[in-house]
Amino acid sequence: MIEYSGCIRVWTIQLSRNSMEAKVEKNKYSIIVPTYNERLNIALIVYLIFKHLPNINFEIIVVDDGSPDGTQEIVKQLQQVYGEDRILLRPRPKKLGLGTAYMHGLKHATGNFVVIMDADLSHHPKYLPSFIKTQIETGASIVTGTRYVKGGGVHGWTLMRKLTSRGANVLAHTCLWPGVSDLTGSFRLYKKSVLEDVISSCVSKGYVFQMEMIVRASRKGYHIEEVPITFVDRVYGSSKLGGSEIVEYLKGLLYLLVTT
């Protein structure tokens, strides 16, 4: 009886694996990576995506906002290595905001799932298999990376930046009750149809865009799952976050408090 039960267990596990593999095979993932002055990072992030998704059908859509440092030239070289069907360069003439960068990339996405992530290596592609696995197992509309649950965290931040980020998150939770632990994170997997629906109702263009997206998704009743990640401060280049973005965050928080 024990031997028979063991066989049943192995057979059930194998069926589960086969089912998951079948679902993965029929999916295509469009990975949107906005860039501005990421010449030193873009090649490494692309390499890591290919390394960690060896058996996944995906495309990388680079939305570059007219970087003066030669980012687009590096992307064109990467196209020669990986193919123009796997690396899509969809540039814009100047910096037009993070939210509109995702909207621009979405227009060119051919996958039924969309990943949004930063190009500065703060979002490690090693977490992508966990995002995909979680979505398949739960049927979630959105899988978001979080720094604020067990197994998550940040690396390379000063104490002041940690306090600022945590304070912004606590403030947003207190005001909005979104049902997710990390409102300001920007490493997420969406069903494409869900992203199209949510993004059409957003008005933010800067860093507050991420918060508005997840709050509106929660209000619409979409199924959201979280995966713990460690956010690593950029190795090359400088942060785009400044005083003006913090002011915009506070204004955006007030706007969402009134409109959602």
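The CG atom of Asn27 sits 4.5 Å away from atom CG of Asn112, with the distance rounded to the nearest 0.5 Å. Taking CZ of Arg219 as the reference point, atom OG of Ser201 lies at 12.0 Å (rounded to 0.5 Å). Of the inter-residue distances, the one linking Leu121 atom CG with Ile42 atom CD1 reads 9.0 Å to the nearest 0.5 angstrom. Distance check: Ile132 CD1 to Ile56 CD1 gives 4.5 Å after rounding to the nearest 0.5 Å. Here the OG-CD1 distance, from Ser122 to Ile229, works out to 8.0 Å after rounding to the nearest 0.5 Å. Atom OG in Ser141 sits 12.0 Å away from atom NZ in Lys220 (nearest 0.5 Å).
With a 4.5 Å cut-off on side-chain heavy atoms, Pro68 and Tyr36 count as touching. Within the 4.5 Å cutoff, no side-chain heavy atoms of Lys126 are placed close to those of Leu48. Between Leu89 and Gln79, the closest side-chain pair of non-hydrogen atoms falls below 4.5 Å. At a threshold of 4.5 Å between non-hydrogen side-chain atoms, the residues Leu53 and Pro129 count as touching. Side-chain atoms of Val114 and Ile32, non-hydrogen and from C-beta on, do get closer than 4.5 Å to each other. Using a 4.5 Å cut-off on side-chain heavy atoms (C-beta onward), Leu98 and Gln210 make contact. Proximity of Tyr29 to Asn57: side-chain heavy atoms (C-beta onward) are nowhere separated by under 4.5 Å. Residues Ile45 and Met117 have side chains in contact (heavy-atom distance under 4.5 Å, counting atoms from C-beta outward).
Looking at every heavy atom in both residues, Tyr148 comes nearest to Ser181 through CD1-O, 3.4 Å. Residues Leu88 and Arg90 come closest through the heavy atom pair CD2-NH2, 3.6 Å. Closest heavy-atom contact between Arg39 and Ile74: CG-CG1, 3.6 Å.
Ring planes of Tyr127 and Phe187: perpendicular class, angle over 60° (limits at 30 and 60°). Note on ring orientation: taking the six-membered ring where Trp is involved, the planes of Phe231 and His123 are perpendicular (angle over 60°, cut-offs 30° and 60°).
Taking the ring centroids of Tyr190 and Phe113, they lie at or beyond the 6.0 Å cut-off.
Applying the ring pair (Phe, Tyr, Trp, His ring centres under 6.0 Å) criterion to His52, with sequence neighbours excluded, gives His124.
If you run side chain to side chain contact (heavy atoms under 4.5 Å, CB included) between Glu226 and each of Ile142, Val143, Thr146, only Thr146 comes through.
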Could you go through residues 58-67 and list every donor-acceptor pair under 3.5 Å that involves a side-chain atom there, pairing it with any protein atom two or more places apart or in another chain?
residue : atom : partner : partner atom : Å
Glu59   : OE1  : Thr110  : OG1          : 2.9
Glu59   : OE2  : Ser30   : OG           : 2.6
Glu59   : OE2  : Thr110  : N            : 2.8
Glu59   : OE2  : Thr110  : OG1          : 3.1
Asp64   : OD1  : Thr35   : OG1          : 2.7
Asp64   : OD1  : Ser67   : OG           : 2.5
Asp64   : OD2  : Gly66   : N            : 3.3
Asp64   : OD2  : Ser67   : N            : 2.9
Asp64   : OD2  : Ser67   : OG           : 3.4
Asp64   : OD2  : Gln72   : NE2          : 2.9
Asp65   : OD1  : Arg92   : NE           : 2.7
Asp65   : OD1  : Arg92   : NH2          : 3.1
Asp65   : OD2  : Arg92   : NH2          : 2.9
Asp65   : OD2  : Leu96   : N            : 3.3
Ser67   : OG   : Asn37   : N            : 2.7

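Between the side chain of Lys51 and the main chain of Pro125, no donor-acceptor pair closer than 3.5 Å is present.
Under a hydrophobic clustering in which Ile, Leu, Val, Met, Phe, Trp and Tyr are joined whenever their side-chain heavy atoms come within less than 4.5 Å, directly or via other members, Val232 and Val149 fall into different clusters.
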